[in-house]
Amino acid sequence: MAKVLCVLYDDPVDGYPTTYARDDLPTVERYGDGQSLPTPTAIDFVPGTMLGSVSGELGLRKYLESNGHTLVVTSDKDGPDSVFERELADADVVISQPFWPAYLTADRIAKAPNLKLALTAGIGSDHVDLQAAMDSGVTVAEVTYCNSISVAEHVVMMILGLVRNYLPSHEWVTKGGWNIADCVARSYDVEGMHVGTVAAGRIGLAVLRRLKPFGMHLHYTDRHRLPESVEEELGLIWHPSPEDMYPNCDVVTLNCPLHPETEHMVNEETLKLFKRGAYLVNTARGKLCDRDAIVRALEDGRLAGYAGDVWFPQPAPEDHPWRSMPNHGMTPHISGTSLSAQTRYAAGTREILECFFEGRPIRDEYLIVDSGALAGVGAHSYSAGNATDGSEEAAKFKQR
Ligand code: NDP
């Protein structure tokens with residue numbers, strides 16, 4: 001029987017919700033490319049309820065305990081005295097969400113001799129040292145597509161929010177003002193602007209599709225080119241590299257995974273290629289950007305705005321400069337954990353666990369690392385190596 005160690009974010013400060021704003025979720029039949037939604041044999045939770053926080057337990061307790069397994073759930077994940085580090089020693093499975101990542105560094109993997117499966121309840125397994133997972137025979141899997149559309153919606157919201165100067169205008173209202181000139185002094189239309197995505201995978205392509213009706217010119221760069229029919233349908237302009245794309249864009253959005261090849265891809269040097277006054281939206285991973293180079297570019301006006309929900313490390317320490325830099329629209333890491341998304345990734349987590357415990361193959365599209373090598377979707381989208389360096393900084397965060 002296995003021990004499953006699950007790291008989730010804290011419940012809301014006023015307690016686990018007892019009521020919700022809406023009574024149901026719309027039905028989504030299939031994802032955009034035809035992939036089926038998660039197919040566990042059953043679920044033990046009510047769709048649309050809070051599953052991603054500690055008390056929600058991803059709806060897994062009944063299933064795991066009725067099969068004789070042990071489930072430990074905690075939000076205490078950072079530092080050598082954390083519950084996570086203590087419980088890891090004899091854990092067989094670790095489940096973690098990118099929003100509140102349990103960093104599985106090489107050091108921690110070495111302290112977990114029983115560990116066989118690192119399961120990401122969401123998308124993006126860069127919080128696991130993938131090289132160490134390969135070297136130790138740990139399988140890494142994530143719930144591909146579960147929240148890609150959630151994030152794409154967020155990207156569109158953030159682009160509109162920055163370009164139209166939404167957040168500062170909203171603040172004038174809550175302060176009791178009617179300061180129209182203050183609000184519009186930085187407000188533009190997106191119509192006619194050039195927007196480019198680094199990566200046109202599930203999220204990147206969904207962003208482009210959603211921006212098409214706004215009358216924007218659509219650019220992308222990716223390691224693999226999209227089918228000609230898609231390029232023609234959306235009128236896409238392809239670039240062989242991000243460096244080639246940046247100078248053409250009023251808005252740049254990052255939608256690739258974090259791996260050694262993409263770490264710090266936006267830095268002091270590559271920012272020189274951006275148009276003055278470009279907007280940058282990054283809901284992919286904080287470490288795709290050089291933290292301080294972004295701050296400097298906002299301070300001297302090279303960037304007109306930066307928004308996103310991803311930081312490094314997570315949670316971001318109180319003194320992280322992205323909390324206070326000018327013209328930003330940052331939120332905590334929330335785009336992929338709407339109540340709608342939680343329902344899908346909790347079901348996907350259960351599906352992967354059922355496969356793992358019953359000795360059935362985990363879907364290829366969920367696999368990142370298997371049998372000592374990048375596998376499935378991981379072999380397509382990631383590169384070997386490690387992107388967890390510096391994650392111990394997360395221990396500096398103190399919950400308010
Ligand atoms: P996909 O796997 O569908 O897409 C990733 C794309 O990135 C692929 O098309 C891949 O290219 C491309 N890519 C990889 N490396 C590079 C590179 N060096 N240069 C250009 N393109 C590259 O994943 P999703 O679209 O669903 O998610 C993307 C990322 O978004 C996740 O990895 C995660 O980090 C982040 N994310 C954030 C969430 C949030 O809540 N903020 C939630 C979900 C995801 P190819 O396969 O063609 O090689």
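Both backbone and side-chain heavy atoms feed into the values below; hydrogens, waters and symmetry mates do not. In what follows, residues are counted from 1 in the order of the sequence shown.
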Subject >> Sequence-distant partners of Asp92, side-chain contact (heavy atoms from CB on, under 4.5 Å), two or more places apart >> reply: Ala2, Lys3, Asn114, Lys116

**OP:** Give a yes or no on whether a salt bridge exists between Arg108 and Glu85, defined as a side-chain N under 4.0 angstrom from a carboxylate O.
**Re:** yes

Original post:
Under 6.0 Å from the CZ atom of Arg360, do we count more than 12 heavy atoms belonging to anything else shown?
Top reply: yes

Original post:
Does a side chain donor of either Thr253 or Asn255 reach within less than 3.5 Å of an acceptor in the other side chain?
Top reply: yes

**OP:** State which residues pass side-chain contact (heavy atoms from CB on, under 4.5 Å) with Ala394; sequence neighbours excluded, sorted by chain then number.
**Re:** Lys77, Asp78, Tyr103, Pro313, Pro315

Original post:
Considering the options Glu351, Glu358, Glu354, which one meets the side-chain hydrogen bond (donor to acceptor under 3.5 Å, both in side chains) requirement together with Thr41?
Top reply: Glu354

**OP:** Would you kindly say whether Asp11 and Ser55 are connected by a side-chain donor-acceptor distance under 3.5 Å?
**Re:** yes

Original post:
Going by side-chain heavy atoms closer than 4.5 Å, which hydrophobic residues are tied to Phe274, directly or by a chain of links?
Top reply: Val198, Met245, Tyr246, Val252, Leu254, Leu258, Met265, Val266, Leu271, Leu273, Leu280, Leu288, Ile294, Val295, Leu298, Leu303, Tyr306, Trp311, Trp322, Met325, Met330

Subject >> Close side-chain approach of Val94 and Leu104, heavy atoms under 4.5 Å >> reply: yes

Subject >> Lys/Arg-Asp/Glu bridge criterion (N-O < 4.0 Å) met for Glu268, Arg302 >> reply: yes

Original post:
Got a salt bridge between Lys396 and Glu393, using NZ or NE/NH1/NH2 to carboxylate O under 4.0 Å?
Top reply: yes

Subject >> Axial cation check for Tyr188 ring with Arg164, 6.0 Å and 45° limits >> reply: no

Subject >> Any donor-acceptor pair under 3.5 Å from Asn147 side chain to Ala341 backbone >> reply: no

